[in-house]
> 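Before I ask anything, here is the structure I am working with.
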There are 2 protein chains.
Amino acid sequence: MADIARRPEHRYGNRPTMKDVAARAGVGLKTVSRVVNGEPGVTPETERRVQEAIEILGFRRNDSARVLRKGRTATVGLVLEDLADPFYGPLSRAVEEVARAHGALLINGSSAEDPGREQELALALCARRVDGLIVIPAGDDHRYLEPEIRAGVATVFVDRPAGLIDADAVLSDSFGGARDGVAHLIAHGHRRIGFIGDRPRIHTAAERLRGYRAAMEDAGLPVQDAWVSPGSTDPERVRTAVREMLAAPEPVTALFAGNNRVMVTVVRALAEHPRPVALVGFDDIELADLLGVTVIAQDAAALGRTAAERLFRRLDGADEAPERVVLGTTLLARGSGEIPPTAA
Amino acid sequence: MADIARRPEHRYGNRPTMKDVAARAGVGLKTVSRVVNGEPGVTPETERRVQEAIEILGFRRNDSARVLRKGRTATVGLVLEDLADPFYGPLSRAVEEVARAHGALLINGSSAEDPGREQELALALCARRVDGLIVIPAGDDHRYLEPEIRAGVATVFVDRPAGLIDADAVLSDSFGGARDGVAHLIAHGHRRIGFIGDRPRIHTAAERLRGYRAAMEDAGLPVQDAWVSPGSTDPERVRTAVREMLAAPEPVTALFAGNNRVMVTVVRALAEHPRPVALVGFDDIELADLLGVTVIAQDAAALGRTAAERLFRRLDGADEAPERVVLGTTLLARGSGEIPPTAA
DNA sequence: TAGGGCCTGGACAACGTTGTCACGGCAGGG
DNA sequence: CCCTGCCGTGACAACGTTGTCCAGGCCCTA
């Protein structure tokens, strides 16, 4: 638990500096800098001598000092919920690729859906002077970032919008996707449809619930309270919710799962159920095709790519007003969403 | 494509520095430093004044400068193959958690299985003076890291051992796992078993192939060349390999898939095959339980955790000799591995 | 041959922070 | 009343790099 920043000195284990290289090569400090950075104005012969000294000493430029001098870190930060979630892996990778194309590295941190941890992480990244910040919000108040943004940290929100501040955001169409998915079930004859989602304080979860209600209302169908789960990704609670909806006097004949975590558990729960139950889930997951699960797919990589591109456009000096970009979703019919209603 | 580090100055958009805070609070520079770092020796009244100035100016300590002075970045680097691969997400997350417990952040980069890119990334991280480096090797020659390690960068390899240098490594028991998996198939009556793996220049892939051959040999079974795929994760080539092994005059009755990527494709290919074919795969994957796929599970999170803990032990000054830690695997029987052989 | 311009190289300050050390004031004891 | 010692505070250098600026040497031309 010891905080690594508070340890006794170790001075990089006495690494050679440009000064050492200069001494060894018998040239001036700045000449070494020129060679290292490929700046013009150095004779081939001098350059050779410097390169040789660099080789021998095993010199590597200290980017910390460089950053201090130049004011740019060539680093961007990504605050997401959980890198282990298969939805965020590809997103992060996409951000990384864009960053790489711009010569930047990526630091990412997981908030574990905890607003305090999100803030702590984001501010730690700012202290390191990342040039830009991409945030998948856990909290719903991002005013703490205002000083940073004013100070020049480009900031883009992904997957969920920022709270209480005006900033770029790149989102999937949660509302539309959920509405389409539920409408799909309705089109296949379902009238009693259950919704199992995540905590409604999460923006996407709330939007998907809204989409569910909209689809039901569009079709003139009532929604019973018992058809909407309290909202949780905990497998036990999801299982309970499924069981109860299916055991009710007027059981649901179809389910809509609000995200990948929930969907996985619902699929498992339904596998144990005697009667076939229709299912549409939000998010595509690996092997869902083999299991025949109909899903509303969103493109995690596209979210990441779009956000990162926007970020770097800003870093390149673009001075547009903050904007909200919404990416569409795709319904992939694979069987589970096309099961007709079964009598109780 | 513009390299972000080569842009005109922007000087952090004129952020306030400790000097500004000091001026505003009417105290000395060092006093501000003391307050910011919670060092003792400051009157409550003085501290209040400083805090107030910090608040008003929106000051945040510049960690780049701090790093330059202190010599520690409180940052570790992780070079992996592909963050979007569901195997590496949890691994990365585990490393992050350990880092967090030690007050450090994590920079990770994907090598895309390209040795050149691995080296480029690792050295870029060293230039940023990460305190430690965790590497999932793409290449097989890591001598380029020797100067860095000598200079004090703690380095641990995960998932695959380092090449041509002596360093810590945390591995899964690829050989033993594959041997157990194939032995499992043999125990269920199979005599002709195909092996479909990744490129054999990848250490784990080679080890798993070795495990396959060992199991066959232990059982006194011959291995035909046609039963071992050339090695690739490309879905098309995997499909072809499966097709050919099943269409041979003496077709295999069971398959062993060498990793998660391959396994997914094999499962898809077998789903289209008329006869049941037994399958055991290396790596657990989500929903494999529902599909009834028998796997040799390795614990990605444990790999990451173990490696990170080792790394921080070294950073804490542990001076043990480099060591190779091998974590065991678990066979999870779910059905596909217990299918008996079918006549051709 | 003198003068001017170009090219190479180096001295120096600055980036924002922290470690060292010294200073002034105050309390307590002789 | 003076000396000692402690405490709060601040001045200053240093971390390793890069931008600015200047010096010296060379070549070319008038």
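Predicted model only: the values in this text are computed from it and were never measured. A, B, ... follow the sequence lines: proteins, then strands. Residue 1 opens every chain.
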> Rounded to whole angstrom units, what separation is found between the NZ atom of K70(B) and the C1' atom of dG16(D)?
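That distance rounds to 17 Å.
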
> Is there, by distance only and without an angle test, a donor paired with an acceptor across the side chain of R69(A) and the base of dT18(D) below 3.5 Å?
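Result: at least one qualifying N/O pair found.
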
> R128(B) CZ to dC15(D) P: how many Å, rounded?
23 Å

> Tell me: CG of L68(B) to P of dT18(D), nearest whole Å?
12 Å

> Consider the side chain of E39(B), meaning its heavy atoms from C-beta on, and name the nucleotide among dG19(D), dG19(C), dG16(C) that approaches it most closely.
dG19(C)

> Mapping E47(B) and A65(A) onto DNA chain D by nearest heavy atom, which one lands closer to the 5' end?
E47(B)

> Regarding S110(B) and D82(B), do their side chains bring together a donor and an acceptor under 3.5 Å, going by distance alone?
no

> Could you tell me, to 10°, how much the axis swings from one end of the helix from dT1(C)-dA30(D) to dG30(C)-dC1(D) to the other, five pairs per end?
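Result, rounded to 10 degrees: 60°.
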
> Between dT8(C), dG16(D), dT17(C), which one does the side chain of M18(B) approach most closely?
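Nearest listed nucleotide: dT17(C).
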
> Return the value, rounded to whole Å, for the distance between atom CG of N37(B) and atom C1' of dT17(C).
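Interatomic distance, CG of N37(B) to C1' of dT17(C): 9 Å.
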
> Tell me whether the side-chain N/O atoms of T43(B) come closer than 4.0 Å to OP1 or OP2 in dT9(D).
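Result: yes.
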
> Determine the minimum heavy-atom distance between F59(A) and T17(A), stating which atoms define it.
CE1-C, 3.6 Å

> To the nearest Å, give me how far apart NZ (K19(A)) and C1' (dG16(D)) are.
9 Å

> dC15(C), OP1 or OP2 - any side-chain N/O from R66(A) closer than 4.0 Å?
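Checking R66(A) against dC15(C): no side-chain N or O falls below 4.0 Å of OP1 or OP2.
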
> At a heavy-atom distance below 4.0 Å, what parts of residues 25-34 of chain B sit against DNA chain C?
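Per residue number, the list reads L29(B), K30(B), S33(B).
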
> Over how many whole Å does the gap from N62(A) atom CG to dT17(C) atom C1' extend?
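After rounding, the gap between these two atoms is 14 Å.
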
> Do E320(B) and R310(B) have side chains that approach each other closer than 4.5 Å (heavy atoms only, starting at C-beta)?
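Yes, close enough: below the 4.5 Å cut-off.
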
> Identify the residue among V325(A), V158(A), L171(A) that makes a side-chain contact (heavy atoms from CB on, under 4.5 Å) with L303(A).
V158(A)

> If you take all heavy atoms of R60(A) and E148(B), which pair is closest and at what distance?
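Result for this residue pair: NE-OE2, 2.6 Å.
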
> Which atom names give the shortest non-hydrogen contact between I136(A) and L80(A), and what distance separates them?
CD1-CB, 3.6 Å

> Quick check: closest heavy atoms across S111(B) and L121(B), and the distance to 0.1 Å?
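Shortest heavy-atom contact: N-CD1, 4.1 Å.
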
> At less than 4.0 Å, is any side-chain N or O atom of S64(A) found next to OP1 or OP2 of dC15(D)? Yes or no.
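So the side-chain polar atoms of S64(A) never come under 4.0 Å of the phosphate oxygens OP1 or OP2 of dC15(D).
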
> Return the value, rounded to whole Å, for the distance between atom CG of D20(B) and atom P of dC15(C).
11 Å

> Between T46(A) and T31(A), does the side-chain contact (heavy atoms from CB on, under 4.5 Å) criterion hold? Intermediate values first, please.
CA-CA 9 Å; T46(A) 310; T31(A) 301; 3.9 Å; yes

> Do H142(A) and E118(A) have a side chain donor and acceptor closer than 3.5 Å?
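Indeed, the side chains of H142(A) and E118(A) share at least one donor-acceptor pair under 3.5 Å.
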
